[in-house]
Chemist: 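Provided herewith is a single structure, encoded as structure tokens, for subsequent inquiry.
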Amino acid sequence: ESFSPPHERALARAQGLPVGDGCIPWAAQRAAALGLDHAQTLPWSFVTLCDSVVGIGSMTMEDPAQLQVSETESRHFLADMTPYFEEDGLALHYLEPAAWLCCGKPLRDVRTASLDRVIGKDLADWQPAHGESAKLRRLKNEMQMLLYTHTVNDARSRVRSAAINSIWLHGTGELSKASAQVSTNINMPRSLADAALKEDWPAWEKA
């Protein structure tokens with residue numbers, strides 16, 4: 001299977017974005033919409049906070065939407081992770097509690113798997129590939145160690161909330177001069193993507 005599911009590739013084509021497998025510049029597009037510096041000159045990625053569950057011989061990701069991360073928790077994590085990212089030539093930008101934006105040359109040509117590919121799946125099959133992916137995998141491991149003993153997770157444990165024990169990079173890519181000017185007014189109903197992922201074709205036809 002490809003890193004980018006069919007519904008994402010279809011939406012990218014409709015918006016005039018590059019459609020490289022695992023290199024659709026969704027994060028760069030978001031950065032450009034927000035008017036962030038370097039949105040059109042550097043590769044970007046989303047960084048999503050997540051809960052990875054260790055099983056027998058595998059590790060899977062729970063749906064990040066179920067974590068209900070607060071802005072206060074997210075900003076604490078962001079402050080503590082920023083020095084590690086900066087050391088590797090990457091800049092973090094707060095976006096929303098569950099996800100941030102990241103930019104920097106180490107993201108160039110790195111393929112990353114969409115969240116729709118990895119939720120509930122064995123993460124070993126979907127690690128970043130190509131480019132400086134080894135650096136990003138090492139950084140992810142460092143963040144897992146940081147999160148393991150983080151005070152925010154201690155507080156979440158006391159109220160029996162799921163731990164935030166990992167991050168996932170996705171939506172990597174760069175905007176070309178042409179794609180930076182395309183309209184983002186084309187949207188795809190989430191119900192269409194959900195039906196396709198579940199192979200529920202009656203629901204897909206309805207959506």
Side-chain angles (χ1 to χ4, degrees), residues 1-50 52 59 61 64 78 81-96 98-119 121-144 146 166-184 186 188 193:
E1 289 184 299
S2 64
F3 277 40
S4 304
H7 63 275
E8 287 194 2
R9 298 199 300 272
L11 182 57
R13 290 191 185 96
Q15 293 188 2
L17 293 173
V19 192
D21 183 25
C23 290
I24 301 175
W26 298 119
Q29 183 189 60
R30 187 69 176 275
L34 293 172
L36 297 180
D37 292 340
H38 308 299
Q40 299 174 25
T41 57
L42 286 174
W44 288 73
S45 174
F46 290 114
V47 178
T48 292
L49 300 172
C50 59
S52 298
M59 178 179 288
M61 183 196 298
L78 181 67
M81 291 187 193
T82 292
Y84 293 88
F85 277 75
E86 289 180 343
E87 188 175 337
D88 281 335
L90 297 163
L92 288 173
H93 302 264
Y94 181 85
L95 179 63
E96 56 192 43
W100 313 323
L101 288 165
C102 175
C103 71
K105 292 180 181 179
L107 294 167
R108 183 159 286 135
D109 298 324
V110 173
R111 295 172 55 198
T112 55
S114 163
L115 285 176
D116 284 339
R117 279 293 189 232
V118 300
I119 293 173
K121 306 289 181 59
D122 186 351
L123 299 181
D125 298 329
W126 299 107
Q127 296 303 313
H130 299 177
E132 294 192 54
S133 56
K135 175 182 287 188
L136 299 178
R137 290 195 295 268
R138 175 191 50 75
L139 179 61
K140 178 188 171 187
N141 289 337
E142 289 178 347
M143 295 307 94
Q144 288 173 333
L146 175 70
S166 189
I167 58 172
W168 192 258
L169 275 65
H170 58 104
T172 48
E174 296 180 72
L175 286 176
S176 66
K177 291 182 179 180
S179 60
Q181 305 301 320
V182 300
S183 170
T184 59
I186 302 169
M188 180 177 293

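Computed from heavy atoms alone, side chains included, the values below leave out hydrogens, waters and symmetry copies.
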Chemist: Are the side chains of Leu101 and Leu92 in touch, meaning some heavy atoms are under 4.5 Å apart?
Modeler: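 Side chain of Leu101 against side chain of Leu92, heavy atoms only: no contact under 4.5 Å found.
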Chemist: Of the non-hydrogen atoms in Gly171 and Thr112, which two are nearest, and what is the gap between them?
Modeler: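 Of all heavy-atom pairs spanning Gly171 and Thr112, the closest is N-OG1, 3.6 Å.
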Chemist: With sequence neighbours excluded, tell me which residues meet salt bridge (Lys or Arg N to Asp or Glu O under 4.0 Å) with Arg111.
Modeler: Asp21
Chemist: Show every salt bridge (charged side-chain N to carboxylate O under 4.0 Å, His left out) that has at least one partner inside residues 83-95, sequence neighbours left out.
Modeler: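 Sorted result for residues 83-95: Asp88-Arg138.
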Chemist: If you take all heavy atoms of Ala39 and Ala28, which pair is closest and at what distance?
Modeler: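 Nearest heavy atoms, Ala39 then Ala28: O-CB, 4.1 Å.
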Chemist: Answer yes or no: is there a side-chain heavy-atom contact under 4.5 Å between Trp168 and Leu123?
Modeler: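 Of all side-chain heavy-atom pairs linking Leu123 with Trp168, at least one is under 4.5 Å.
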Chemist: On a heavy-atom basis, which atom in Leu17 and which in Pro25 lie closest, and how many Å separate them?
Modeler: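 Looking at all heavy atoms of both residues, the shortest contact is CD2-CG, 4.3 Å.
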Chemist: Measure the shortest side-chain to side-chain distance between His93 and Cys103 over non-hydrogen atoms and say whether it is less than 4.5 angstrom.
Modeler: yes
Chemist: Sort out for me which residue in Leu115, Leu95, Leu169 forms a side chain to side chain contact (heavy atoms under 4.5 Å, CB included) with Thr48.
Modeler: Leu115
Chemist: Can you list everything that forms a ring-ring contact (aromatic ring centres under 6.0 Å, His included) with Trp126? Sequence neighbours excluded, please.
Modeler: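 By the ring-ring contact (aromatic ring centres under 6.0 Å, His included) rule, Trp126 matches Phe3.
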Chemist: Enumerate the salt bridge (charged side-chain N to carboxylate O under 4.0 Å, His left out) contacts for residues 33-49, please, sequence neighbours excluded, ordered by first and then second residue.
Modeler: none
Chemist: Got more than 12 heavy atoms from elsewhere within 6.0 Å of OH, Tyr94?
Modeler: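 Enclosed.
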Chemist: Between Trp26 and Leu11, is any pair of side-chain heavy atoms under 4.5 Å apart?
Modeler: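 Yes, their side chains come closer than 4.5 Å.
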Chemist: Measure the spacing between CG of Leu90 and OG of Ser45 and express it to the nearest 0.5 Å.
Modeler: 9.0 Å
Chemist: Please examine the side chains of Thr172 and Cys102, heavy atoms only from C-beta on, and report whether any two atoms are closer than 4.5 Å.
Modeler: no
Chemist: Would you please name every residue forming a ring-ring contact (aromatic ring centres under 6.0 Å, His included) with Phe85, sequence neighbours left out?
Modeler: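 Partners of Phe85 under the ring-ring contact (aromatic ring centres under 6.0 Å, His included) test: none.
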Chemist: Listed by chain and number, what are the salt bridge (Lys or Arg N to Asp or Glu O under 4.0 Å) partners of Lys135, not counting sequence neighbours?
Modeler: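 Checked Lys135 against salt bridge (Lys or Arg N to Asp or Glu O under 4.0 Å); matches are Glu132.
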Chemist: Which of these passes side-chain hydrogen bond (donor to acceptor under 3.5 Å, both in side chains) with Ser114: Arg9, His170, Glu8?
Modeler: Glu8
Chemist: Can you give me the closest heavy-atom contact between Ser2 and Arg117, atom names plus distance?
Modeler: O-NE, 2.7 Å
Chemist: Indicate the atoms forming the closest heavy-atom contact of Val19 with Ile24, along with that distance.
Modeler: CA-CG1, 4.1 Å
Chemist: How far does CD of Gln29 sit from CH2 of Trp44, to the nearest 0.5 angstrom?
Modeler: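 One finds 13.0 Å between CD of Gln29 and CH2 of Trp44.
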Chemist: Decide yes or no for Ile167 and Met81: does some side-chain heavy atom of the first lie under 4.5 Å from some side-chain heavy atom of the second?
Modeler: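 The answer is yes; the side chains approach within 4.5 Å.
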Chemist: When rounded to the nearest 0.5 angstrom, what is the spacing between CD in Glu96 and CG in Leu49?
Modeler: 10.0 Å
Chemist: Could you tell me which non-hydrogen atom of Leu107 sits nearest to which non-hydrogen atom of Pro43, and how far apart they are?
Modeler: CD1-O, 3.7 Å
